[in-house]
Amino acid sequence: MTHADRFLGRAGVYASARPTYPAALGQWLAGQGLLSGRVADVGAGTGLFTRLLLAQGSGSAFAVDAVEPNPEMRAQLETALEAEVAGGRLRVHAGTSEATSLASASVSLITAAQAAHWFDPPPTVREFRRVLRPDGQVLLVWNDWRGVDPGLDGAGFNAAYRSVVTRFSQEDGELISRVPERELPRLMPGGFEVQAFDNPVSLSRERLRALAGSVSYLPSPDDSGFAAVGRQLDAAFDAHASDGHVTLTYRTHAYLGRL
């Protein structure tokens, strides 16, 4: 099974339940002058980060190439951002970090949000060097609830959610953080800077279930094993909900670097 195949059957819940990205991140990128040229959003999924790029990008040279290997997620992205495709600010491609299908020296910024932990560094860096223009940069972003201290103010539900997903996780090892910190120097060998943004997410019972169904390390919503996950999530929700919602506290980690 390829990494893209792990998300087959999950595109709908992914689009409806995954957290978006803080406006402050987009404003920071725009303030750095990074959203005035062509951007490649690699592993774009259903377009959650693509939306932020399109909202903050400006200028006649700005456009986004969204690259995604999963056909179901590409379809979600194209449907949600149909107007941007029609207007020419967005092009959607079937491709991977190792073979984007983009022209050489065609983009000034490559982004990958919630995706680079699936990338194989050597062939990815070769491909990124090929498609980047001189002095182009790479931005890797993760929304991560796993690395947030459960004792932090506002993060009370994180421990309950961690308990449920750890019980049912199909990954080996403890769920500590999604950010592959050891791989970052290999993905950005020219060095990088780090920014972090608060990103708390309010979840209804239905969105919480959909969120769990969207992650690759839990049973999919169509799997018979998901019913048990749902029951445990409902119990956690009932113990922590206020006004029909719980808050899962994320931190958005952004790594801006060079190759």
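Numbers here simply count residues along the sequence, with the first being 1. The structure presented is a predicted model; accordingly, all values stated were derived computationally and were not measured.
- Between atom CG of residue L53 and atom CG of residue L109 there is a gap of 7.5 Å, rounded to the nearest 0.5 Å.
- Note: L34 CG to Q56 CD = 12.0 Å, rounded to the nearest 0.5 Å.
- Under the 3.5 Å distance criterion, the side-chain polar atoms of S163 are left unmatched by any main-chain donor or acceptor of A159.
- A donor-acceptor pair is defined here as one N or O able to donate and one able to accept, closer than 3.5 Å; no such pair exists between the side chain of R51 and the backbone of A80.
- Side chain of R130 to backbone of L102: a donor-acceptor contact under 3.5 angstrom is found.
- A distance-only check finds a donor-acceptor pair linking the side chain of N143 to the backbone of T20 [under 3.5 Å].
- No side-chain heavy atom of Y161 sits less than 4.5 Å from a side-chain heavy atom of L203.
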Pair V179-L184, side chain to side chain contact (heavy atoms under 4.5 Å, CB included): steps then yes or no: CA-CA 9 Å; V179 181; L184 292 175; 4.2 Å; yes

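- Side chain of N158 to backbone of T249: a donor-acceptor contact under 3.5 angstrom is found.
- Residues H245 and F157 have side chains not in contact (no heavy-atom distance under 4.5 Å, counting atoms from C-beta outward).
- Atom CG of L54 is separated from atom CG of L90 by 5.5 Å, given to the nearest 0.5 angstrom.
- The closest side-chain heavy-atom distance from H240 to T247 is not below 4.5 Å.
- The two residues L52 and P22 make their nearest non-hydrogen contact at CD1-O, 3.3 Å.
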Test salt bridge (charged side-chain N to carboxylate O under 4.0 Å, His left out) on E183 and R186 and set out the steps. CA-CA 5 Å; E183 295 297 305; R186 300 180 65 205; 3.0 Å; yes

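- R129 is listed as a side-chain neighbour of P189, based on a closest heavy-atom distance under 4.5 Å.
- Of the possible polar contacts, one joining the E127 side chain to the T100 backbone as a donor-acceptor pair under 3.5 Å is found.
- Atoms CG and OG1, on D41 and T50 in that order, are 4.0 Å from each other to the nearest 0.5 Å.
- Between atom CD of residue Q32 and atom CD of residue E193 there is a gap of 6.0 Å, rounded to the nearest 0.5 Å.
- Proximity of a side-chain donor or acceptor of R258 to a complementary backbone N or O of G191 within less than 3.5 Å is not detected.
- The closest side-chain heavy-atom distance from Q195 to L25 is not below 4.5 Å.
- Judged by distance alone, the side chain of R162 and the main-chain N or O of R146 form a donor-acceptor pair under 3.5 Å.
- Heavy atoms only, all atoms of each residue included: L29 and F49 are closest at CD1-CZ, 4.3 Å.
- Residues H253 and D144 are in side-chain contact: their nearest non-hydrogen atoms beyond the backbone lie under 4.5 Å apart.
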Side chain to side chain contact (heavy atoms under 4.5 Å, CB included) between R205 and D238, worked out: CA-CA 9 Å; R205 185 188 304 273; D238 290 337; 2.6 Å; yes

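- Between L132 and V138 the shortest side-chain heavy-atom distance falls below 4.5 Å.
- With hydrogens and angles disregarded, no donor-acceptor distance shorter than 3.5 Å links the side chain of R38 to the backbone of D65.
- With hydrogens and angles ignored, the 3.5 Å screen pairs a side-chain donor or acceptor of R18 with a backbone N or O of S214.
- In E82, the CD atom is not crowded: 12 or fewer heavy atoms of neighbouring residues, nucleotides or ligands sit closer than 6.0 Å.
- Minimum heavy-atom separation, F192 to P185: CE2-N, 4.0 Å.
- Here the closest heavy-atom approach between residue A254 and residue L139 is recorded as CB-CD1, 4.1 Å.
- Taking OH from Y217 and CZ from F168, the interatomic distance works out to 13.5 Å, rounded to the nearest 0.5 Å.
- Ring geometry for H117 versus W142: interplanar angle of 30 to 60°, hence tilted.
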Would you sort out whether R91 and V85 count as a side chain to side chain contact (heavy atoms under 4.5 Å, CB included), showing the intermediate values? CA-CA 6 Å; R91 298 187 301 190; V85 173; over 6 Å; no

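- Under the 4.5 Å side-chain criterion, counting only non-hydrogen atoms from C-beta, V194 is in contact with Y255.
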Kindly indicate, with the supporting measurements, whether the criterion side chain to side chain contact (heavy atoms under 4.5 Å, CB included) is fulfilled by L218 and F226. CA-CA 8 Å; L218 293 176; F226 190 75; 5.6 Å; no

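- Closest approach of G47 and L81 over heavy atoms only: O-CD1, 4.4 Å.
- Ring-plane geometry between F128 and F119 is classed as perpendicular, the angle between the planes exceeding 60 degrees on a 0 to 90 degree scale with a lower cut at 30.
- Counting all heavy atoms, side chain and backbone alike, L140 lies closest to A116 at CD2-CB, 3.9 Å.
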